[in-house]
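All values reported here derive from a predicted model rather than from experimental measurement.
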Amino acid sequence: MSLRSCSAWWGIESAFGDPIVAKNYMRPVIPSLAALAWCERRRRTYWSRKLINALTIVQNGWSTPDEMVGSWPAPWVTQWMPEVWLHMGIDYNHDGRVFALRPAG
């Protein structure tokens, strides 16, 4: 995929970073994962693992269900799946909250 195509695709997925537009398309991740884990019989194990990973993130205190929103079922404009956050996240400011992206500021 060319850089332009990749940028265009990401732009569409993220509403080009516009928080007003993105707000209309962001959905709670945990209910989305739960629906997929229950309804998607072919890939139930796959989606169940994603749901457990998302719940682990909440249990660890790294996020709240209200903060975990995305364009179904991956959170934020980066579309990170929960296991990426679990296995690659870093506590950048040493506040005990691991995050997959460097926080602003």
Side-chain angles (χ1 to χ4, degrees):
M1 178 181 283
S2 74
L3 181 59
R4 286 182 181 178
S5 296
C6 187
S7 296
W9 190 326
W10 180 81
I12 291 167
E13 282 289 314
S14 68
F16 294 95
D18 186 332
I20 303 296
V21 174
K23 177 177 70 171
N24 296 327
Y25 297 102
M26 295 293 129
R27 302 286 178 257
V29 169
I30 292 176
S32 299
L33 290 169
L36 287 166
W38 177 255
C39 298
E40 182 62 41
R41 291 185 181 164
R42 288 181 309 121
R43 301 181 72 198
R44 183 168 281 164
T45 301
Y46 175 83
W47 291 115
S48 295
R49 269 192 229 120
K50 306 299 179 226
L51 175 60
I52 296 300
N53 288 335
L55 293 171
T56 301
I57 289 166
V58 172
Q59 183 179 25
N60 289 346
W62 300 345
S63 187
T64 67
D66 292 336
E67 292 173 333
M68 294 183 74
V69 295
S71 63
W72 219 77
W76 308 289
V77 294
T78 56
Q79 300 294 299
W80 292 76
M81 292 302 278
E83 71 272 6
V84 173
W85 192 355
L86 270 177
H87 301 295
M88 299 187 72
I90 297 171
D91 181 1
Y92 287 100
N93 58 5
H94 307 291
D95 67 351
R97 294 183 74 186
V98 172
F99 202 66
L101 301 172
R102 181 180 295 276

Intermediate values then yes/no, side-chain contact (heavy atoms from CB on, under 4.5 Å), I30 and L55:
CA-CA 8 Å; I30 292 176; L55 293 171; 4.0 Å; yes
Under the side-chain contact (heavy atoms from CB on, under 4.5 Å) criterion, do I52 and R49 qualify, and how do the steps go?
CA-CA 5 Å; I52 296 300; R49 269 192 229 120; 5.7 Å; no
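When the salt bridge (charged side-chain N to carboxylate O under 4.0 Å, His left out) test is applied to R42, the partners found at least two apart in sequence or on another chain are E40.
In this structure, OG in S32 is found 10.5 Å from CE in M68, a value given to the nearest 0.5 Å. Rounding to the nearest 0.5 angstrom, the gap separating the OH atom in Y46 from the CG atom in L33 is 9.5 Å.
Side-chain contact between L86 and N60: present, with at least one pair of heavy atoms (C-beta onward) separated by less than 4.5 Å.
In this structure, R97 contributes its side chain and D91 its backbone to no donor-acceptor pair below 3.5 Å.
The two atoms that bring A54 and P82 nearest to each other are N-CB, 3.6 Å, heavy atoms only. Scanning both residues, A37 and L51, for their nearest heavy atoms gives CB-CD2, 4.5 Å. Here the shortest heavy-atom pairing between G89 and V98 reads C-CG1, 3.1 Å. Nearest heavy-atom pair, W62 versus W85, reported as atom, atom and distance to 0.1 Å: O-CZ2, 3.8 Å.
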